[in-house]
Amino acid sequence: MMSLDNRPVYSGGCQCGAVRFRVEGALGDASVCHCRMCQKASGNFYQPLVSVRGAKLTWTRGAPKKFQSSNYAFRGFCGECGTPLTYEAPDGVALAIATFDHPEEIAPTIQWGVEAKLPYVDAIPALPGKATLDDPEAGTFLRGIVSYQHPDYDTETWPPEERP
Ligand SMILES: [Zn+2]
Ligand SMILES: [Zn+2]
């Protein structure tokens, strides 16, 4: 999507929808960081982040709660659902790539902190892989699931008025 003055526009937010953001302008470096702090802050093997230092970041619904992870940086997350959202340092903010509504557009180009890389991370692409519907019983189970995850676009109201 583009803004009226032809700048790229991105949107995204946390899993529950209490926190939503909008970014206008060009994104900076997209990376994954293997450092132990990023592992903890993301609850994951490594943290994918994209710098929005050179763009305009607006919180369009709510705002992240913050944990000061060092004398240098803060980690922002949704206070309602816990989704990791930001890495905030004096030189700028980076957003968690998978919280964008279209993370497929933001491919990482560099890895940081590789000395802390978990030993099995590089082996994951070689693991056996199955699609969700490969299991014949999954279809029946999945039809019974009602998602409470916020959709990948901005909505008028939050929280949703009714929940089946
Ligand atoms: Zn949330
Ligand atoms: Zn890190």
Side-chain angles (χ1 to χ4, degrees), residues 1 9-125 132 142 145-164:
M1 192 178 141
V9 175
Y10 303 87
S11 60
C14 66
Q15 186 174 27
C16 80
V19 181
R20 295 281 301 167
F21 62 79
R22 174 185 172 94
V23 177
E24 267 183 73
L27 300 176
D29 285 341
S31 62
V32 303
C33 184
H34 296 277
C35 87
R36 187 62 186 137
M37 280 206 173
C38 283
Q39 290 173 8
K40 277 288 194 182
S42 63
N44 223 310
F45 302 150
Y46 49 79
Q47 186 163 36
L49 292 167
V50 62
S51 170
V52 296
R53 186 184 305 168
K56 185 176 169 230
L57 168 64
T58 310
W59 298 103
T60 53
R61 184 185 291 150
K65 222 177 152 177
K66 291 178 195 179
F67 169 65
Q68 184 166 12
S69 54
S70 71
N71 59 342
Y72 183 75
F74 291 81
R75 308 286 181 151
F77 57 94
C78 174
E80 298 290 330
C81 73
T83 301
L85 289 163
T86 68
Y87 168 81
E88 306 186 26
D91 60 347
V93 175
L95 295 174
I97 294 176
T99 65
F100 281 73
D101 290 335
H102 294 285
E104 72 280 3
E105 297 171 351
I106 308 164
T109 55
I110 183 149
Q111 308 179 73
W112 302 111
V114 292
E115 71 285 349
K117 187 191 284 183
L118 292 170
Y120 44 76
V121 163
D122 288 337
I124 290 173
T132 309
L142 289 172
I145 292 181
V146 179
S147 171
Y148 295 152
Q149 177 165 294
H150 190 277
D152 282 328
Y153 50 83
D154 288 323
T155 52
E156 290 297 320
T157 53
W158 191 91
E161 313 239 327
E162 52 188 68
R163 184 163 272 184

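All ligand and atom numbering here is 1-based and tracks the order in the structure.
At a threshold of 4.0 Å, the pair Asp154-Arg61 does not count as salt-bridged, since none of the basic side-chain nitrogens sits closer than that to a carboxylate oxygen.
Angle SG (Cys16) to the Zn ion (ligand 1) to SG (Cys14): 110°, rounded to 10°. Centred on the Zn ion (ligand 2), the SG atom of Cys38 and the SG atom of Cys33 lie at an angle of 110°, reported to 10°.
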Run the side-chain donor-acceptor check on residues 74-85: report pairs under 3.5 Å with partners two or more places apart or on a different chain.
{"from": "Arg75", "atom 1": "NE", "to": "Ser69", "atom 2": "OG", "distance (Å)": "3.3"}
{"from": "Arg75", "atom 1": "NH1", "to": "Gln47", "atom 2": "OE1", "distance (Å)": "3.1"}
{"from": "Thr83", "atom 1": "OG1", "to": "Gln15", "atom 2": "N", "distance (Å)": "3.1"}

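Of all the heavy atoms in Pro125 and Asp122, the pair that sits closest is CD-O, 3.5 Å.
One distance of note links CH2 of Trp112 with CG of Leu49; it measures 11.5 Å at 0.5 Å rounding.
Residue side and main chain included, His150 places no N/O/S atom under 2.8 Å of the Zn ion (ligand 1).
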